[in-house]
2 protein chains.
Amino acid sequence: MPSTVPPHAAPAESRVRARTRRAILTAAASLLARNRGATLAEIAEAADVGRTSLHRYFPDRESLINAVIQDSASVMSQAIQEARLDDDDPVQTLRRLVATMFDVGDHLLFLFSDPGVRATFENLSEQGARTDAVARLIERGCAEGVFDSKVSSAWIESVFWALIYAGCDAVHKGRLPRHQALNSVLRSLENGIRIKGAGEEPDV
Amino acid sequence: MPSTVPPHAAPAESRVRARTRRAILTAAASLLARNRGATLAEIAEAADVGRTSLHRYFPDRESLINAVIQDSASVMSQAIQEARLDDDDPVQTLRRLVATMFDVGDHLLFLFSDPGVRATFENLSEQGARTDAVARLIERGCAEGVFDSKVSSAWIESVFWALIYAGCDAVHKGRLPRHQALNSVLRSLENGIRIKGAGEEPDV
DNA sequence: TCATTATGGAACATCAATGATCTATTTTGG
DNA sequence: CCAAAATAGATCATTGATGTTCCATAATGA
């Protein structure tokens, strides 16, 4: 069976449409992350398509926003899967995860840039159990006594996302080169949630 | 000379107007923090004033937004001053500061909720040297070797704001009671930026 | 009490983003 | 090369937020 074609994916979108759709979603996420009030015209231009085309794919603004949220969520979800959170020891896994999150920084910045967007995102996370893998990883770490037990695992997760966001933001704004931001996040994060035996240097 | 009345503050606003203005600014900050697209009508309602009145104080939306930014910035600035960042040792001072920031959480959440707002805020910070006191405190801490020297002081400041924000957000959303959020932030922060000799328990 | 000041609400004009429709072109895939 | 699919661009109606004006009331404070 073909690997990229889902068996029962009814009509299946043409390659052209798929590419266009992707262009729109990507451009939208990137633009909206910086300017939540971005006009549909601006988004279309950024995606290098006519405003009409954008409308053909997403009837109204709301459906576009939702689609971008969905898409960003699934991009992150997939990235998380590929990070294999159930392997190794939590520390090593966490490092892989952070690096992975940096790779999808644009989507992450978008999902966290707006309270409303973020709420919607977290909502469908609850239902669909998507980024829950992260929560599970952290809880596992707590259970194994590898993470700080003086604070709730929920809080640790908050810290995790907050630092990732700060790191991506720093890179995005050009305040730090990627590798340095990555190291900084790792360092602040690991020491922050007090990993036992994290004596020195996560480094490169 | 009177303590609360600036000597040359030309016309001086009537008490009533001052109160109304404050009501609007406060309500606006609180509302806009949660919903950046909040309508002027909604803001007026939240402030418990007529939309007309709101317009009387702030001719257009932009001037309102700017005023709210200015106000929130000055509220934070004042709070920071009262935290006396130049006293004590950096650690103790940092703790005071975090607690202080929790007190002005609504304003902080507003200033950081929107990329655009945040940019404007950081812009006038540079010029007016307002929240720079925080940066100075951190740099002092780094200079004294009290904070982690493996990362830039700029990054440490990022971590500081990121964790404060996460804490305020948790409180605001009801995920944590205030005192617990405060302790969590302190703990994660201090261990995160690796304060030497911070063996245990900041606690209550 | 009374003049002043501040307010609320209705009513209206404006405007920009939105979304819908149509047509001419281009691109795709066979 | 050709039919089908996809697109861009122009045009137009709609709509909701905005900003403005006017007037009647209410609060203030001397």
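None of the values given here were measured: they were computed from a predicted structure. In what follows, every chain begins at residue 1, and chains take the letters A, B, ... in the order their sequences are listed.
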task = Assess the side chains of T100(A) and D103(A): does a donor N or O sit below 3.5 Å from an acceptor N or O?
result = no
task = Send over the distance from D48(A) CG to dA8(D) C1', rounded to a whole Å.
result = 11 Å
key: Lys NZ or Arg CZ of R178(B) over F102(B) ring: under 6.0 Å, within 45°   = no
query = Hey, is CG on D89(B) packed in by over 12 heavy atoms from elsewhere, all under 6.0 Å?
reply = yes
Earlier contact from the 5' end, DNA chain D, for F58(B) and T52(A) = T52(A)
inquiry  = By nearest atom, which of the nucleotides dG19(D), dT7(C), dA17(C) is closest to the T39(A) side chain?
reply    = dA17(C)
note = Between E62(A) and R17(B), whichever has its closest DNA chain C nucleotide further toward 5' is R17(B)
key: Length of the line joining E13(B):CD and dA6(C):C1', which is rounded to integer Å   = 11 Å
request  = State which of dT28(C), dA8(D), dT18(D) makes the closest approach to the side chain of V16(A).
outcome  = dT28(C)
request  = Kindly say if Y57(B) contacts the phosphate of dT7(C), meaning a side-chain N or O under 4.0 Å from OP1 or OP2.
outcome  = yes
inquiry  = Is there a side-chain contact between S14(B) and the phosphate of dT28(D), meaning an N or O under 4.0 Å from OP1 or OP2?
reply    = no
request  = Give a yes/no on whether any side-chain N or O of S53(B) is located under 4.0 angstrom from OP1 or OP2 of dG8(C).
outcome  = yes
message = For R84(B), I'd like to know if atom CZ has over 12 heavy atoms of other residues, nucleotides or ligands within 6.0 Å.
response = no
query = Whole Å only: how far is the CZ atom of R56(B) from the P atom of dA27(D)?
reply = 15 Å
inquiry  = Taking donor-acceptor contacts at under 3.5 Å, does the side chain of R51(A) reach the base of dG19(C)?
reply    = yes
task = Would you tell me if any nitrogen or oxygen in the side chain of R19(A) comes within less than 4.0 Å of OP1 or OP2 on dT28(C)?
result = yes
ask   = The side chain of V49(A) lies closest to which of these nucleotides: dA8(D), dT18(D), dG19(C)?
value = dA8(D)
inquiry  = Please determine whether a side-chain nitrogen or oxygen atom of T20(B) lies at a distance below 4.0 Å from atom OP1 or OP2 of dT7(C).
reply    = yes
ask   = With sequence neighbours excluded, what pairs up with F112(B) under the ring pair (Phe, Tyr, Trp, His ring centres under 6.0 Å) test?
value = W161(B)
task = Specify the separation, in whole Å, of atom CD of E42(A) and atom P of dA16(C).
result = 14 Å
